[in-house]
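First up is the structure itself, then whatever we jot down about it.
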Amino acid sequence: PKTSKLMIVGTESGDIKFIDTTSLEIVNVQNFKSSITALDMNFDGYTIGVGSEKPELFTLDCRNMKNIFHFKTKEHVNSFI
């Protein structure tokens, strides 16, 4: 079976880069137009939580890059813990 080993990096410019760790190639980039301040991958390996400085929270399905949840907060998000 084929497996993917992804590393996810958030940037100050608002990009989330998905990097294949075996080839070190960027396989996808998503832009949120606000500095990324928090990232968390769910234990299922398919969904990620994204916090931004704007301040907003997003939940993305990595299989199709759909935003499945969007929530505006009063302060920017530094952590999901």
First locate atom [atom1] of [X], then atom [atom2] of [Y], and finally report the distance between them rounded to the nearest 0.5 Å.
| X | Y | atom1 | atom2 | value |
| --- | --- | --- | --- | --- |
| K54 | F32 | NZ | CZ | 11.0 Å |
| K17 | L6 | NZ | CG | 15.0 Å |
| D40 | T47 | CG | OG1 | 9.0 Å |
| K5 | S23 | NZ | OG | 12.0 Å |

Subject >> Within-4.5 Å side-chain heavy-atom neighbours: F18 and Q30 >> reply: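 Contact flag for F18/Q30 side chains = yes.
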Subject >> Close side-chain approach of I36 to I16, heavy-atom, < 4.5 Å >> reply: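 I36 reaches I16 side chain to side chain.
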Any link between [X] and [Y] through a network of hydrophobic side chains (Ile, Leu, Val, Met, Phe, Trp, Tyr) touching at under 4.5 Å?
| X | Y | value |
| --- | --- | --- |
| F58 | I8 | yes |
| V27 | L60 | yes |
| V29 | M7 | yes |

**OP:** Spell out, as yes or no, whether a donor-acceptor pair under 3.5 Å connects the side chain of D20 to the backbone of T22.
**Re:**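 Checked: pair present.
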Subject >> For L39 against V50, the heavy-atom pair lying closest together >> reply: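 Result for this residue pair: CD2-CG2, 3.8 Å.
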**OP:** Work out which heavy atom in I26 is nearest to a heavy atom in I19; give both atom names and the distance.
**Re:**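 Reported closest heavy-atom pair: CG1-CG1, 4.0 Å.
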Subject >> All side chain to side chain donor-acceptor pair (under 3.5 Å) counterparts of S35, not counting sequence neighbours >> reply: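 Side chain to side chain donor-acceptor pair (under 3.5 Å) list for S35, sorted by chain: empty.
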